[in-house]
2 protein chains.
Amino acid sequence: MEQTDIDTPPEPLLKPGRGRRRAEDVRHAALTATSTLLFEDGIRGVTFEKVAARAGVSKVTLYKWWSSPGALAFEAYFSALEETLAFPDTGDLRADLTTQLHALVGLFARSGGTIAQIVGAAQSEPELIEALSNQYVRRRRDLAVERLGKALEAGQLRPDADLDAIVDQLWGACYHRLMLPALPEHPVDEAFADALIANLFGGIAPA
Amino acid sequence: MEQTDIDTPPEPLLKPGRGRRRAEDVRHAALTATSTLLFEDGIRGVTFEKVAARAGVSKVTLYKWWSSPGALAFEAYFSALEETLAFPDTGDLRADLTTQLHALVGLFARSGGTIAQIVGAAQSEPELIEALSNQYVRRRRDLAVERLGKALEAGQLRPDADLDAIVDQLWGACYHRLMLPALPEHPVDEAFADALIANLFGGIAPA
């Protein structure tokens, strides 16, 4: 894909019927249209029909690239998510985790329903679970554990701390409240994020 | 329902067409048939048609009690689950949590796929999420926090530990790995349960 942009006219991506578009542009248009539908109507709003109409892409093309509307919704969502959840590294682990978890609960407040629907829909479709694992879970875990590993080397973590389990006890705890909710008593908010960090850093055993 | 059993003949519950059965019996037959279907074929195997046939119950009756096959699957599943996950109280909190989490990961190993499907299906149906919260999440949280509260009084927890967040950092962490999996690297097994407890009790901050 080292192709230059020289032969691509500066016309709007989403206008159909102006000759062949580059595969990357079509793909991008499809993903953008899908994100919009997702946030307007939830996962049930994403059909190949509607995405095709909105993106000016043929349904055949969509079928070629995505095995189901769920798979398409999935990729659209998680490629959008990736940017929002960058992992900061200021050198102070606890401060960085606080920033990161506050961003996560903020995201859940805005679009937690859609995230829950996407993760939920994946549970009955082996292909979607595979996509969830590969396109999202492994990448996020690797990023987090890499950051935690640096902190360990810098002496900011106990040498025997289980770094992988930390991921489940911070991010995972937020997903738990999102998907197995007991609202309004148990919200997913910044106070909750702070409680997770305080419990895990200080430990719950008596001093 | 303080009715005696005197007028109930000792005939098999599941035989249809032998006159009126008590509501409780019919309900029980429907739930039992549903559990069987769930474990044989997953959540998609649960239809009112199949449950009616297997339980010897009319579809009209099923529609009267449950708003959807999902709602029925839900109740069948969580009433079965309740027995498996009793919360021990030996007076030693850490030992009891270990027992409880080992039971949970054992359950996930046997039927984690079905649990994930049920929780997943609930995400797109407001009625099911409500049922999940009321019939399962709140009850389990209450039981856990009650046990944790006793431990706190007994001096087995730091006075400033957030008991509600502990639930998310132990049970919730297991649900996270179940529903956002990265297998085989990150299994939900007893070693993972032990790592959760070690991280949370000892804390991850350097000593």
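Keep in mind that what you see is a predicted model, and the values were worked out from it rather than measured. Chain letters run A, B, ... following the sequence lines, proteins first and then strands; every chain starts at 1.
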Novice: Under 4.5 Å, counting heavy-atom pairs only, tell me which of B/P181, B/A165, B/G42, B/A122 racks up the most with chain A.
Specialist: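 Most heavy-atom pairs under 4.5 Å with chain A: B/P181.
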
Novice: Which is it for B/F74 and B/E125 under the side chain to side chain contact (heavy atoms under 4.5 Å, CB included) test, yes or no, and what are the steps along the way?
Specialist: CA-CA 12 Å; B/F74 219 83; B/E125 297 190 36; over 6 Å; no

Novice: Contact part of A/R94 toward chain B, heavy-atom cut-off under 4.5 Å: side chain, backbone, both or neither?
Specialist: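 No part of it gets close to chain B.
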
Novice: Aromatic rings A/F39 and A/Y77: how do their planes relate, parallel, tilted or perpendicular, breaks at 30° and 60°?
Specialist: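 Plane angle between 30° and 60°, so tilted.
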
Novice: At a heavy-atom separation under 4.5 Å, does A/L132 approach chain B through its side chain, its backbone, both, or neither?
Specialist: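 For A/L132, the side chain is the part near chain B, not the backbone.
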
Novice: Run the salt bridge (Lys or Arg N to Asp or Glu O under 4.0 Å) check on A/D168 and A/R141 step by step: do they pass?
Specialist: CA-CA 9 Å; A/D168 301 287; A/R141 292 193 87 101; 2.8 Å; yes

Novice: Relative to chain A, which segment of B/L152 carries a heavy atom at a distance below 4.5 Å: side chain, backbone, both, or neither?
Specialist: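 Contact with chain A: none, neither part.
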
Novice: Between A/A195, A/S124, A/G155, who has the most heavy-atom pairs with chain B when the cutoff is under 4.5 Å?
Specialist: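 Heavy-atom pairs under 4.5 Å are most numerous for A/S124.
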
Novice: Is it the backbone or the side chain of B/A198 that comes under 4.5 Å from a heavy atom of chain A, or both, or neither?
Specialist: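 Neither part.
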
Novice: Is it the side chain or the backbone of A/I129 that comes within 4.5 Å of chain B heavy atoms, both, or neither?
Specialist: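 It is the side chain, since no backbone atom gets that close.
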
Novice: With respect to chain A, which residue among B/L170, B/L93, B/L183, B/N134 yields the maximal number of heavy-atom pairs within a distance under 4.5 Å?
Specialist: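 Max contact count across the listed options: B/L183.
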
Novice: So do A/F48 and A/L72 actually touch side chain to side chain, heavy atoms under 4.5 Å?
Specialist: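 Yes, their side chains come closer than 4.5 Å.
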
Novice: As an exercise: rank A/C174, A/S133, A/G113 by heavy-atom pairs under 4.5 Å with chain B and give me the winner.
Specialist: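 When all of A/C174, A/S133, A/G113 are compared, A/S133 has the most.
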
Novice: Any side-chain donor paired with an acceptor under 3.5 Å for B/S35 and B/T32?
Specialist: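 B/S35 vs B/T32: no donor-acceptor pair found between side chains.
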
Novice: Would you mind checking if B/E40 and B/R54 are paired as a salt bridge, meaning a charged N to carboxylate O distance below 4.0 Å?
Specialist: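 The answer is yes: the pair qualifies as a salt bridge.
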
Novice: Go through the atoms of A/I118 and report whether side chain, backbone, both or neither lie under 4.5 Å from a heavy atom of chain B.
Specialist: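 It is neither, since no heavy atom gets under 4.5 Å.
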
Novice: Select one option (side chain, backbone, both, neither) describing which atoms of B/E185 are under 4.5 Å from chain A's heavy atoms.
Specialist: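 The side chain, not the backbone.
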
Novice: Against chain A, label B/L180 side chain, backbone, both or neither, depending on which of its atoms sit under 4.5 Å from a heavy atom there.
Specialist: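 It is both, since atoms from each part get that close.
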
Novice: For B/D25 and B/H28, what are the C-alpha separation, side-chain angles and deciding distance, and is it a side chain to side chain contact (heavy atoms under 4.5 Å, CB included)?
Specialist: CA-CA 5 Å; B/D25 293 343; B/H28 181 71; 5.6 Å; no

Novice: With a 4.5 Å cut-off on heavy-atom pairs, point out which of B/G120, B/A207, B/G172, B/G202 contacts chain A the most.
Specialist: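 With the most close heavy-atom pairs to chain A, the winner is B/G172.
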
Novice: What part of A/Q117 gets closer than 4.5 Å to chain B, counting heavy atoms only: side chain, backbone, both or neither?
Specialist: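 For A/Q117, the contact with chain B is made by backbone and side chain together.
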
Novice: Should B/S111 and B/L107 count as side-chain neighbours, where that means a heavy-atom distance under 4.5 Å?
Specialist: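 In short, these two side chains touch, coming nearer than 4.5 Å.
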
Novice: Quick check on A/L178 against chain B: is it the side chain, the backbone, both or neither that has a heavy atom closer than 4.5 Å?
Specialist: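 Backbone of A/L178 only, per the 4.5 Å heavy-atom cut-off to chain B.
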
Novice: Counting only non-hydrogen atoms closer than 4.5 Å, does B/I43 touch chain A with its backbone (N, CA, C, O), its side chain (CB onward), both, or neither?
Specialist: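 For B/I43, the contact with chain A is made by the side chain alone.
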
Novice: With only heavy atoms counted, which part of B/F201 is less than 4.5 Å from chain A, the side chain, the backbone, both or neither?
Specialist: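 Both backbone and side chain.
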
Novice: Atom NE2 of B/H176 and atom OH of A/Y175: how far apart are they, to the nearest 0.5 Å?
Specialist: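 Output value for this atom pair is 6.5 Å.
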
Novice: To the nearest 0.5 angstrom, please state how far the CG atom of B/D142 sits from the CG atom of B/D164.
Specialist: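 Result: 9.0 Å between the selected atoms.
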
Novice: Given the options A/V137, A/D162, A/L157, A/N199, which has more heavy-atom pairs under 4.5 Å with chain B than any of the others?
Specialist: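 Heavy-atom pairs under 4.5 Å are most numerous for A/N199.
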
Novice: Does B/D189 pair with B/R177 as a salt bridge, N-O distance under 4.0 Å?
Specialist: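 Between B/R177 and B/D189 there is no salt bridge, as every charged N stays at least 4.0 Å from the carboxylate O atoms.
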
